[in-house]
Amino acid sequence: MRLSNYVLPLLREDSSDAQIVSHQLMLRAGLVRQTAAGIYAWMPLGLRVLDKIAQIVREEQNRAGAIEMLMPTIQPADLWRESGRYDAYGPEMLRIRDRHDRDLLFGPTAEEVVTSLMRGSVNSYRDLPRTLYNIQWKFRDEIRPRFGVMRGREFLMKDAYSFDLDIDSARHSYNRMYVAYLRTFARMGLHAIPTKADPGPIGGDMSHEFILLANNGESDVFYHEEWEAGSQPEVPDFADNNAIDAFVAERTQFYAATDEMHDKAAEAELGDKLRTARGIEVGHIFYFGTKYSESMGLKVQGKDGEIVTPQMGSYGVGVSRLVGAIIEASHDDNGIIWPEAVAPFRVGIVNIRASDEASKAVADEIYARLTAAGVDVLYDDRDERGGAKFAAMDLIGLPWQVIVGPKGVERGTVELKSRASGEREDISPDALIAKFGG
RNA sequence: CGGGGAGUGGCGCAGCCAGGUAGCGCACCUGUUUUGGGUACAGGGGGUCGGAGGUUCGAAUCCUCUCUCCCCGACCA
């Protein structure tokens with residue numbers, strides 16, 4: 001993409017609306033614009049990041065055996081009356097009335113919808129287990145939205161729902177998601193710790209919040225040093241449930257809890273192995289048994305002809321929140337530092353002197369060849385001073401910057417800079433193309 | 001919802017207390033400068049001051065009502 005053809009509204013000054021660094025950088029780097037409290041428009045660059053994150057989530061859900069579908073944003077109130085949540089949910093649910101005076105709502109989550117869909121699609125034990133997921137916009141009318149997309153009212157969430165015949169099977173489904181989440185966050189260059197979370201009325205140990213450590217996080221977390229980045233084992237693949245279960249059993253023996261679940265006794269037990277930090281909740285998995293299947297009449301017939309009420313669990317990833325969370329975890333004084341996996345473009349080309357013919361020819365050629373090689377490239381071809389271009393590139397945080405200018409071109413080289421390390425090297429255009437797979 | 005704060009060109013702000021018909025920085029446009037890590041100079045375009053009502057000869061400034069946004073708290077992917 002040529003910057004001269006793009007819409008990238010960069011801001012030189014901080015916005016007075018933004019209080020934390022990720023929100024500030026998202027506004028300055030032209031990723032989002034706020035349209036109402038807690039509601040954001042995703043500008044072109046921001047949408048690319050959102051899509052990258054969603055795609056990683058999607059691939060890992062698929063790998064774990066979950067099946068993608070798409071549920072509506074607007075749901076009928078009657079479905080929620082069946083589960084009893086229409087009254088229970090409270091003012092956080094945005095209620096809507098249509099022209100026929102029918103009660104609708106903008107879905108804050110989708111247990112009711114997915115349960116009703118399964119009710120109409122599943123009849124036999126042969127149809128289970130299944131896990132369905134979708135990546136869809138949700139709306140929760142938060143009392144006080146803040147921190148940009150990290151606590152918006154409208155947000156993009158991956159929500160998955162598992163249906164199993166019995167609790168043992170439900171545990172397998174749960175554990176597969178546990179593993180899928182670790183894989184998902186690791187692929188984004190993130191280190192998220194699965195912490196024990198409030199299991200709700202069902203009780204048990206099947207509820208975990210995945211917390212990304214970050215100074216501006218909203219949760220306090222306590223964890224065994226084993227959870228430190230770098231010390232964790234390879235996450236297994238999904239070949240068989242036993243391997244998955246063994247992995248989860250091995251991992252969950254190491255202490256990790258948010259402050260509301262924190263056990264003072266663990267402090268003494270762990271001693272100097274205990275770590276404390278602040279974090280951002282980026283995922284939540286939990287098992288809730290037959291709460292919805294029971295109330296909404298989802299049943300299947302078992303092997304011996306008996307009627308079985310399926311066990312359910314649900315599994316959320318805050319996709320739009322992750323954009324902010326990643327920036328919170330990965331930035332410096334000059335701007336965002338995108339992990340390669342989620343960067344909106346992999347390479348940024350800066351032509352220092354757009355008016356210099358030789359320099360322009362080299363930059364144009366590199367752009368064409370990288371693009372032809374399938375590399376996502378953002379090419380700053382504007383007739384602008386070099387300094388401003390460097391600052392813009394650092395701000396938007398693309399992993400690699402290629403700097404093309406008359407002096408280098410005379411020597412037959414361009415400069416390749418890593419945004420993360422700041423290291424620069426002079427490299428010939430051919431070697432550059434080769435490095436990026438051209 | 002309780003407590004606090006703010007709405008003035010795209011962004012950041014001053015002006016309001018002591019009413020006189022809107023200003024600064026950045027961004028933007030034109031020209032010069034040919035500048036290797038946010039260059040400099042000159043010229044220029046753009047706002048009726050969140051909205052409604054009121055007081056006044058005159059309102060961004062005073063009064064009333066109202067809408068919106070931000071911060072602290074309870075709530076949450």
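No hydrogens, no waters, no symmetry mates; every other heavy atom, side chains included, goes into these values. In what follows, every chain begins at residue 1, and chains take the letters A, B, ... in the order their sequences are listed.
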Most 5' of A:Val317 and A:Ser15 on RNA chain B, judged by nearest nucleotide: A:Ser15

Length of the CD-P vector between A:Gln24 and B:G12, whole Å: 10 Å

Near-parallel close stack of A:Phe155 and B:A77 base (under 5.5 Å, under 30°): yes

Out of B:A77, B:C72, B:A27, whichever nucleotide has its closest atom nearest the side chain of A:Arg12: B:A27

Inter-nucleotide P distance (B:G15, B:G58), Å rounded: 26 Å

Sugar-phosphate, base or nothing in reach of A:Gly90, heavy atoms under 4.0 Å: nothing

Geometric cation-pi criterion A:Arg81 and A:Tyr86, 6.0 Å radius, 45° cone: yes

Heavy-atom side-chain contact between A:Leu117 and A:Leu132 under 4.5 Å: no

Sugar-phosphate, base or nothing in reach of A:Leu156, heavy atoms under 4.0 Å: nothing

Ring centres under 6.0 angstrom apart (A:Tyr181, A:Phe210): yes

Sugar-phosphate, base or nothing in reach of A:Glu142, heavy atoms under 4.0 Å: base

Phosphate OP1/OP2 of B:C70: any A:Gln34 side-chain N/O under 4.0 Å: yes

Interatomic distance at C1', B:A18 relative to B:C62, whole Å: 12 Å

Value in whole Å for how far the C1' atom of B:A74 lies from CZ of A:Arg144: 11 Å

B:U66 to B:A22 separation - P atoms, rounded to the nearest Å: 31 Å

Nearest listed nucleotide, side chain of A:Pro406, among B:G36, B:G38, B:A74: B:G36

Note: A:Arg63-A:Glu60 ion pair, threshold 4.0 Å (strictly below): yes

Whole-Å distance separating the NZ atom of A:Lys389 from the C1' atom of B:G38: 13 Å

A:Leu395 CG to B:G37 C1', straight-line distance once rounded to whole Å: 15 Å

Separation of the C1' atoms in B:C11 and B:C69, to the nearest angstrom: 16 Å

Sugar-phosphate, base or nothing in reach of A:Asp14, heavy atoms under 4.0 Å: sugar-phosphate

Pair A:Asn62-A:Tyr133, side-chain hydrogen bond (donor to acceptor under 3.5 Å, both in side chains): steps then yes or no: CA-CA 9 Å; A:Asn62 292 345; A:Tyr133 76 97; 2.7 Å; yes

Out of B:G38, B:C75, B:G36, whichever nucleotide has its closest atom nearest the side chain of A:Ala391: B:G38

Candidates B:A77, B:G73, B:C69 - which lies nearest the side chain of A:Arg146: B:G73

Gap in Å between the two P atoms, one belonging to B:G73 and one to B:C29, rounded: 42 Å

Sugar-phosphate only, base, or nothing, as touched by A:Gly387 at under 4.0 Å among non-hydrogen atoms: sugar-phosphate

P atoms of B:G5 and B:G9, separation to the nearest Å: 22 Å

CD/A:Glu250: more than 12 non-hydrogen atoms of other groups inside 6.0 Å: yes

Touch class at under 4.0 angstrom, heavy-atom based, for A:Val319 against every strand present: nothing

Sugar-phosphate, base or nothing in reach of A:Gly405, heavy atoms under 4.0 Å: base

Toward the 5' end of RNA chain B, by each residue's nearest nucleotide, A:Arg151 or A:Ala36: A:Ala36

A:Asn134 CG - B:A77 P separation (whole Å): 16 Å

Atom P, compared across B:U32 and B:U48: separation rounded to whole Å: 33 Å

Sugar-phosphate only, base, or nothing, as touched by A:Arg33 at under 4.0 Å among non-hydrogen atoms: nothing

Minimum-distance nucleotide to A:Ile143 side chain [options: B:G73, B:C70, B:U34]: B:G73

Whole-Å distance separating the CG atom of A:Asp383 from the P atom of B:U30: 11 Å

For atom CD of A:Gln19 and atom P of B:A6, their distance in whole Å: 14 Å

Integer-rounded Å distance: B:A27 P and A:Leu27 CG: 19 Å

Which nucleotide in B:G38, B:G36, B:C76 has an atom nearest any side-chain atom of A:Arg140: B:C76

A:Lys435 charged N/C atom sitting above A:Trp400 aromatic ring, 6.0 Å / 45°: yes

Side chain of A:Met157 (C-beta onward), nearest among B:G12, B:G37, B:A77: B:A77

Mutual orientation of the aromatic rings belonging to A:Phe288 and A:Tyr292 [parallel < 30°, tilted 30-60°, perpendicular > 60°]: perpendicular

Closest to side chain of A:Glu92, choosing from B:C76, B:C69, B:G37: B:C76

Nearest-angstrom distance, P atom, B:A59 to B:C71: 36 Å

Selected nucleotide, minimal atom distance to A:Glu13 side chain, candidates B:G38, B:C1, B:G12: B:G12

